[in-house]
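What follows is one structure encoded as structure tokens, with my remarks underneath.
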Amino acid sequence: MALADPDLSGSTAFITGTTRGIGKQIALALAERGCNVVSTGKTTDDDDSELAGSIEQTAREVREIGSEALALELDLRDAERVEAVVEESIDHFDEVDIVINNASAIQLANIADLPADRFDLLTDVNVRGTHLVAHAFADHLAGLDGAWLLSNSPPITTDRSPGKAPYAWSKLGMSFITLSLAEELASDDVGCNTFWPVTTIDTRATRYFGLGTEDDWRTPEVVSDAVLEILARDPAECTGNSFYDEDLLREAGVTDFSEYNLTEGDPAPMSARLFAPEFEREE
């Protein structure tokens, strides 16, 4: 087994939602391969929050690794702020060749139980936020000699999702935007793909919403390793795909996923089955 270890020195990644969890782990994993990082999110050092983590803290850890980092406060619902942050990132680093839409709002609820303001939050952060970031970066990415836009969102496998339809619509919308952009930038060597964990990942949101127990979770490293597998490929050839993390890692030769598990045993594919209820692992 040899997991991908791409040399990302000279690259810069713009990542949404880096205060903690999957986004922070991706930022650190890329930094360890020499990538500069634009750390974005809503939680800053100045916030009076009981939650651990901030965009500045992630940036500090990136710098400790040896890469350059820029921390920029970002509310994905604010279109003008998205444009300004993208412009500042490009001005600071000259080129941003990796864009990762990771930030996401989550609420699993029946249609009858979800008020309009919560529906708007899911829509605005997830699908609209992905569009705003993609829109702001599209021309810049197209002008580079190979670039990436990746989204943390699932394969589009269903036309309904009872019990969580508003959340599902917003996450599938992220994929729809990303995969459509793959076609629009097909001649520009921009690799536009989605990635999604098969199992639930141990994050603050997972714990807050009670999505299983530690027996059901893996660490964020399983996702960051999968992202590295994508970034080790040629963006001109690897585009328009929806990847599961396990598939990417199995292709790399991983047969034992225990290092990613929080407890003994193999977690069920709860995350994949959120949107693909009939999902089964390949034997």
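Because the structure is predicted, anything quoted here is derived from the model rather than measured. Residue numbers run from 1 in the order of the sequence given.
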Nearest 0.5 Å please: distance from the CG atom of Asp225 over to the CD1 atom of Ile230. 11.5 Å
Contact list for residues 218-243, test ring pair (Phe, Tyr, Trp, His ring centres under 6.0 Å), sequence neighbours left out: none
Pairs in or reaching into residues 28-39: which pass salt bridge (Lys or Arg N to Asp or Glu O under 4.0 Å), with residues at least two apart or in two chains? Asp5-Arg33
Check whether any side-chain heavy atom of Leu179 sits under 4.5 Å from a side-chain heavy atom of Ser242, and report yes or no. yes
Quick check: do Val82 and Leu76 have side-chain heavy atoms less than 4.5 Å from each other? yes
Using the side chain to side chain donor-acceptor pair (under 3.5 Å) rule, collect all pairs that involve residues 142-154, keeping only residues at least two apart or in two chains. Asn101-Ser151, Asn102-Asn152, Ser151-Thr178, Ser153-Ser175
Inspect the surroundings of CZ in Phe257 and state if more than 12 heavy atoms from other residues, nucleotides or ligands are less than 6.0 Å away. yes
Is there side-chain contact between Phe275 and Tyr167, with heavy atoms separated by less than 4.5 Å? yes
Residues in ring-ring contact (aromatic ring centres under 6.0 Å, His included) contact with Tyr260, at least two apart in sequence or another chain: none
Taking ILVMFWY side chains as joined if any heavy atoms are under 4.5 angstrom apart, and letting links pass through other members, which residues group with Trp217? Leu262
Under a 3.5 Å threshold, yes or no: a donor from one side chain and an acceptor from the other, between Ser54 and Asp45? yes
Short N-O contact, Glu259 and Arg218, less than 4.0 angstrom: no
Within the supplied structure, the quantity of interest is the number of heavy atoms (other residues, nucleotides, ligands) at a distance under 6.0 Å from Glu83 CD; does it exceed 12? yes
Quick one: are Asn193 and Cys238 in side-chain contact, heavy atoms under 4.5 Å? yes
Single hit among Asn241, Ile100, Asp245 for side-chain contact (heavy atoms from CB on, under 4.5 Å) with Phe195: Ile100
Side chains of Gln25 and Ser224, donor plus acceptor under 3.5 Å: yes
Enclosure of Lys42 NZ (heavy-atom neighbours >12, cutoff 6.0 Å): no
Just so I know, are the side chains of Asp75 and Arg81 near enough to count as touching, which here means a heavy-atom distance under 4.5 Å? no
Donor-acceptor pairs are to be reported for all side-chain atoms of residues 129-142 against protein atoms at under 3.5 Å, with residues two or more places apart or in another chain.
{"from": "Thr130", "atom 1": "OG1", "to": "Asn126", "atom 2": "O", "distance (Å)": "2.8"}
{"from": "His140", "atom 1": "NE2", "to": "Val96", "atom 2": "N", "distance (Å)": "3.0"}
{"from": "His140", "atom 1": "NE2", "to": "Val96", "atom 2": "O", "distance (Å)": "3.4"}

Before giving the answer on side chain to side chain contact (heavy atoms under 4.5 Å, CB included), spell out for Leu274 and Lys171 the whole-Å C-alpha distance, their side-chain angles and the decisive distance to 0.1 Å. CA-CA 11 Å; Leu274 275 175; Lys171 292 301 293 186; over 6 Å; no
Would you say the side chain of Leu185 lies within less than 4.5 Å of the side chain of Thr239, judging by non-hydrogen atoms? no
